[in-house]
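Order of the sequence lines sets the chain letters (A, B, ...), proteins ahead of strands, with each chain counted from 1.
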Protein chains: 2
Amino acid sequence: MAKAGRRPGQTETREQILASARALFAEQGYEGATIRGIAADAGVNPALIHHFFGSKDKVFAASLAIPVDPSVIVSTVATGPRDAAGERLVRIFLTIWGNPDARRPFLALLRSVTSNEAAARMMRQFLRLAIIDRIGPELGVSELRMTAVGTQLMGLAMMRYILQVEPMASADDEEIVAMIAPVIQHHFDA
Amino acid sequence: MAKAGRRPGQTETREQILASARALFAEQGYEGATIRGIAADAGVNPALIHHFFGSKDKVFAASLAIPVDPSVIVSTVATGPRDAAGERLVRIFLTIWGNPDARRPFLALLRSVTSNEAAARMMRQFLRLAIIDRIGPELGVSELRMTAVGTQLMGLAMMRYILQVEPMASADDEEIVAMIAPVIQHHFDA
DNA sequence: TGCAGAATTAAACGTATGACTAATTTGGCC
DNA sequence: GGCCAAATTAGTCATACGTTTAATTCTGCA
């Protein structure tokens, strides 16, 4: 998978830098995180990051690979009883956000959307690929309706994981499903 | 209203600084906006901002006065036919976001929530005062349900005004009301 | 073993920022 | 007109940042 001839040490350090970048961008957003901070966290010299990636923007982009295949979301939601599609979508959402590794890139994106145009673009693109553009036609739901579904999930992420408003932040997953799934189902059936 | 004895020039310049601060914080968030940028926009020396306000944090706080009385939201939603409370809430939301002056502080808050703890606190507090803590008891809706209402509105703000995802961003207000009001009403009636 | 190239580092540069200091201007008031 | 406090400015400081350069260490291979 890695380019042939690459020495083992390189990929390891590279991966470590990316891991630190993922963590810090997720915690502090694009502007808040610094090359020096990432380097310190990874235990390397700041210049090494430029050696590998070239610029902060490129580290950011490289660290942002969303570990979720939009197609999986689309097919999971589209497959099965249609009157439970809303519940399936909410459960996927909660599964992703319940996994720290999977959640991290989304946290980073949400925290960077205002200061980094690339982040905003990637967020919009993911919403399109995973929610709006493909689930909609699959279920016969209008584009505008699907953006409404997006608002619901986006708001959930903001309230529960960024702002951490109680009691939403500590609520049980099943409570969230019970509250939100019917709303999304309503959009699907409208 | 202003402190007695203050010379007219002072309040004027002070107001102008606050106006520029409001605009720039709304456009670029807390970290993105700079004292120098605000000073340039207001046509004054950067040191004057410190003279009046003391620090960037304090300019930010002073510029963030939300021009919306939470009580008005609460009473507007609570007054009138109960089965149209959801629609009333959505219409207040759209009225606020449709007015550039009223929208500005919320844009600034949303864009600063990740980099400024004061912004996060103020956002949470407004959600509590305007939505969760007082409309809930008034309509007999649980706190958790009311945070779900909050997610819907927060997501709407993010998708429509920050990320500007189409066709949500350009949709007519009435289309938004038609789609979102029933969802909020559903929470009220659950 | 010695060489070549990659990995890694130390050190510095240029810039932008928030903040501070001291000086200057302004405008009302006796 | 002269005085005084407030408004306003020019200039500077220290810091943090992304980035660059040049030197140094490491490692696989001939």
Side-chain angles (χ1 to χ4, degrees), chain A residues 2-22 24-25 27-64 108 111-112 114-119, chain B residues 2-22 24-25 27-64 108 111-112 114-119:
Chain A
K3 204 196 292 186
R6 205 175 249 168
R7 305 220 292 314
Q10 175 175 345
T11 21
E12 281 166 20
T13 306
R14 227 185 114 100
E15 267 332 296
Q16 194 162 4
I17 291 172
L18 280 178
S20 297
R22 267 188 286 269
L24 292 188
F25 282 132
E27 282 172 24
Q28 321 182 20
Y30 177 78
E31 288 208 316
T34 68
I35 292 282
R36 283 172 164 87
I38 294 167
D41 187 89
V44 302
N45 188 284
L48 192 59
I49 297 185
H50 279 91
H51 173 69
F52 281 138
F53 299 97
S55 74
K56 184 183 183 182
D57 274 298
K58 290 180 183 167
V59 198
F60 185 64
S63 76
L64 270 193
R111 293 212 151 108
S112 308
T114 67
S115 54
N116 188 283
E117 180 52 32
Chain B
K3 205 193 291 184
R6 206 175 250 170
R7 303 220 293 313
Q10 176 174 345
T11 21
E12 281 167 22
T13 306
R14 226 184 114 100
E15 266 332 296
Q16 192 162 6
I17 290 172
L18 282 178
S20 297
R22 267 189 285 270
L24 292 188
F25 282 133
E27 281 172 25
Q28 322 183 17
Y30 178 77
E31 288 208 315
T34 68
I35 292 282
R36 281 171 165 86
I38 294 168
D41 187 89
V44 302
N45 188 284
L48 192 58
I49 297 184
H50 280 92
H51 173 70
F52 280 139
F53 299 97
S55 74
K56 186 183 181 181
D57 273 299
K58 289 180 183 169
V59 198
F60 185 64
S63 77
L64 269 192
R111 295 212 149 108
S112 308
T114 67
S115 56
N116 188 284
E117 181 52 34

Task: Side-chain touch A:L24/A:E27, heavy atoms, less than 4.5 angstrom - done: yes
Task: Heavy-atom check, side chain of A:N116 versus side chain of A:D57, under 4.5 Å - done: yes
TODO: Grab the CD1-C1' distance between A:I49 and C:dA10 for me, whole Å please.
DONE: 16 Å
Task: A:K56 and A:E31 ion-paired at < 4.0 Å - done: no
Task: Nucleotide nearest B:H50 when distance is taken to its side chain, options C:dA19, D:dT8, C:dT8 - done: C:dA19
- [ ] Grab the NE2-C1' distance between A:H51 and D:dT20 for me, whole Å please.
- [x] 14 Å
Open item on the list: Quick check for you: among D:dG18, C:dA19, D:dT20, whose closest atom lies nearest to any side-chain atom of A:R36?
Closed with: D:dG18
- [ ] Side-chain contact test, heavy atoms from C-beta onward, threshold under 4.5 Å: evaluate it for B:V59 versus B:F52 and give yes or no.
- [x] no
Open item on the list: Looking at B:T34, I'd like to know whether one of its side-chain N or O atoms comes within less than 4.0 Å of OP1 or OP2 on C:dA16.
Closed with: no
TODO: Take atom CZ of B:F52 and atom C1' of C:dA19, then tell me their distance rounded to the nearest Å.
DONE: 17 Å
Open item on the list: I want to check something: taking the side chain as every heavy atom from C-beta on, are A:F25 and A:R111 in contact at a cut-off of under 4.5 Å?
Closed with: no
Task: Whole-Å gap separating C1' (C:dT24) and CG (B:N45) - done: 12 Å
- [ ] Quickly work out the A:E31 CD to D:dA16 P distance and round it to whole Å.
- [x] 17 Å
TODO: Quickly work out the B:L24 CG to C:dG18 P distance and round it to whole Å.
DONE: 11 Å
Open item on the list: Classify B:A33 by what it touches in the nucleic acid, base, sugar-phosphate, or nothing, heavy-atom distance under 4.0 Å.
Closed with: sugar-phosphate
- [ ] Figure out the CZ/C1' separation between A:F53 and D:dG18, and round it to whole Å.
- [x] 16 Å
Open item on the list: From C-beta outward on B:A47, which listed nucleotide comes closest to its side chain: C:dA19, D:dT19, C:dC20?
Closed with: C:dC20
- [ ] Identify whether any heavy atom of B:L48 sits under 4.0 Å from a base atom; if not, whether one sits that close to sugar-phosphate; answer base, sugar-phosphate or nothing.
- [x] base
- [ ] Check the distance between D:dG18's P and A:N116's CG and give it to me in whole angstrom.
- [x] 12 Å
Open item on the list: Does D:dT8 have OP1 or OP2 under 4.0 Å away from a side-chain N or O of B:T13?
Closed with: yes
